[in-house]
Amino acid sequence: TPNDDAAYYTGAPTAETKQRVQLYLLHQFTTVGAPHIYNGEEMGMWGADDPDCRKPLHWDEFSFEKETNAPNSKLPEAIYYPSFDKQQFNYYRQLTALRHRFKALRSANMQFIPAGKEVFMYERQEGNEKLMVILNSGSNTASIRVPYGKYKIV
């Protein structure tokens with residue numbers, strides 16, 4: 001926590017962090033079970049441990065005061081202006097629409113397919129509807145062989 005470690009980062013997510021979050025969300029919305037959306041994350045809210053986890057919701061129609069690093073941080077001072085993240089909100093809307101569109105994403109049928117060290121691949125199927133989900137968690141382009149089958153491309 002920031003109280004235990006003055007180098008603990010409490011600032012806004014980096015571009016890489018935002019990209020990884022989108023990858024994790026894609027997995028969450030395409031795997032078995034109901035996706036969980038923590039209050040405010042669809043608005044682009046971020047925070048660390050207490051008290052940074054109790055910020056007001058970033059509603060689109062409001063402006064918010066600036067924020068800085070935790071008071072005891074040894075990191076260089078940074079100033080952040082929290083705001084509603086339309087891109088993140090729209091990404092959640094796309095994921096929700098995708099899950100609603102395909103019954104296979106709401107079923108319990110899931111089969112993992114070996115794909116490589118940093119590539120995670122699985123198949124979702126319900127009746128004649130068959131989807132393949134391929135996620136690359138690495139920083140390099142990956143080449144994989146997709147198993148034979150008729151899949152929906154989205």
Side-chain angles (χ1 to χ4, degrees), residues 1-113 115 117-126 129-139 142 151-154:
T1 70
N3 293 328
D4 301 328
D5 179 1
Y8 187 91
Y9 183 72
T10 60
T14 64
E16 179 184 355
T17 300
K18 286 183 176 188
Q19 186 177 6
R20 288 196 174 279
V21 166
Q22 286 192 339
L23 183 68
Y24 302 147
L25 288 171
L26 179 59
H27 171 60
Q28 182 181 9
F29 275 77
T30 60
T31 194
V32 175
H36 176 81
I37 302 172
Y38 187 76
N39 190 30
E41 68 181 28
E42 76 282 7
M43 300 174 172
M45 288 188 63
W46 50 269
D49 292 333
D50 196 27
D52 291 316
C53 59
R54 291 185 267 150
K55 298 178 183 183
L57 291 176
H58 295 173
W59 297 107
D60 191 22
E61 60 270 20
F62 295 106
S63 297
F64 296 89
E65 292 181 17
K66 67 181 180 183
E67 294 182 8
T68 60
N69 293 343
N72 59 342
S73 177
K74 288 184 181 174
L75 297 172
E77 183 174 25
I79 298 173
Y80 310 100
Y81 292 92
S83 63
F84 184 85
D85 188 334
K86 289 180 184 178
Q87 181 181 359
Q88 175 122 339
F89 186 77
N90 288 334
Y91 188 65
Y92 270 90
R93 291 182 71 177
Q94 289 172 341
L95 292 173
T96 303
L98 182 72
R99 190 168 175 88
H100 181 74
R101 180 177 168 195
F102 296 107
K103 286 184 181 180
L105 295 178
R106 299 186 310 271
S107 77
N109 299 322
M110 183 172 178
Q111 179 180 355
F112 291 98
I113 300 164
K117 185 178 178 182
E118 295 178 321
V119 177
F120 192 52
M121 185 163 61
Y122 47 94
E123 180 182 275
R124 301 296 309 272
Q125 185 171 356
E126 180 65 31
E129 188 175 80
K130 196 174 188 180
L131 294 107
M132 175 73 58
V133 179
I134 305 168
L135 306 168
N136 179 2
S137 65
S139 54
Y151 297 100
K152 301 253 184 192
I153 306 293
V154 285

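With sequence neighbours excluded, no residue forms a side chain to side chain contact (heavy atoms under 4.5 Å, CB included) with Gln19. A search for ring pair (Phe, Tyr, Trp, His ring centres under 6.0 Å) contacts involving Tyr91 returns nothing, not counting sequence neighbours.
Counting all heavy atoms, side chain and backbone alike, Leu131 lies closest to Ala104 at CD1-CB, 3.2 Å. The shortest heavy-atom contact between Thr31 and Tyr122 is N-OH, 4.0 Å. Listed here is the closest heavy atom pair of Leu105 and Leu98: CD1-O, 3.7 Å. Of all the heavy atoms in Glu129 and Arg101, the pair that sits closest is OE2-O, 4.3 Å.
Applying the salt bridge (Lys or Arg N to Asp or Glu O under 4.0 Å) rule to pairs touching residues 80-93 yields Lys18-Asp85, sequence neighbours excluded.
Under the 3.5 Å distance criterion, the side-chain polar atoms of Gln28 are matched with a main-chain donor or acceptor of His36. A donor-acceptor pair under 3.5 Å links the side-chain atoms of Arg20 to the main chain of Ser137, judged by distance alone. Between the side chain of Arg124 and the backbone N or O of Val133 there is no donor-acceptor pair closer than 3.5 Å. With hydrogens and angles disregarded, no donor-acceptor distance shorter than 3.5 Å links the side chain of Arg99 to the backbone of Arg106. Of the possible donor and acceptor atoms, none in the side chain of Asp60 sits under 3.5 Å from a partner among the backbone N and O of Phe84.
Remark: Ile37 CD1 to Leu95 CG distance equals 8.5 Å, nearest 0.5 Å. Interatomic distance, CG of Asn109 versus CD of Glu123, reported as 9.5 Å (0.5 Å rounding). We find the CG-CD distance between Leu26 and Gln94 to be 10.5 Å, quoted to the nearest 0.5 Å. Atom CD1 of Ile134 sits about 8.0 Å away from atom CD1 of Ile113, to the nearest 0.5 Å.
A 4.5 Å side-chain heavy-atom check between Val119 and Leu135 finds every atom pair outside the cut-off. Contact annotation: the side chain of Glu42 never approaches that of Gln88 to less than 4.5 Å [non-hydrogen atoms, C-beta and beyond].
Aromatic ring centres of His100 and Phe29 lie farther apart than the 6.0 Å criterion allows.
Note on ring orientation: taking the six-membered ring where Trp is involved, the planes of Phe120 and His27 are perpendicular (angle over 60°, cut-offs 30° and 60°).
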Next item on the list: Please step through side-chain contact (heavy atoms from CB on, under 4.5 Å) for the pair Trp59 and Met43, ending with a clear verdict.
Entry: CA-CA 7 Å; Trp59 297 107; Met43 300 174 172; 3.2 Å; yes
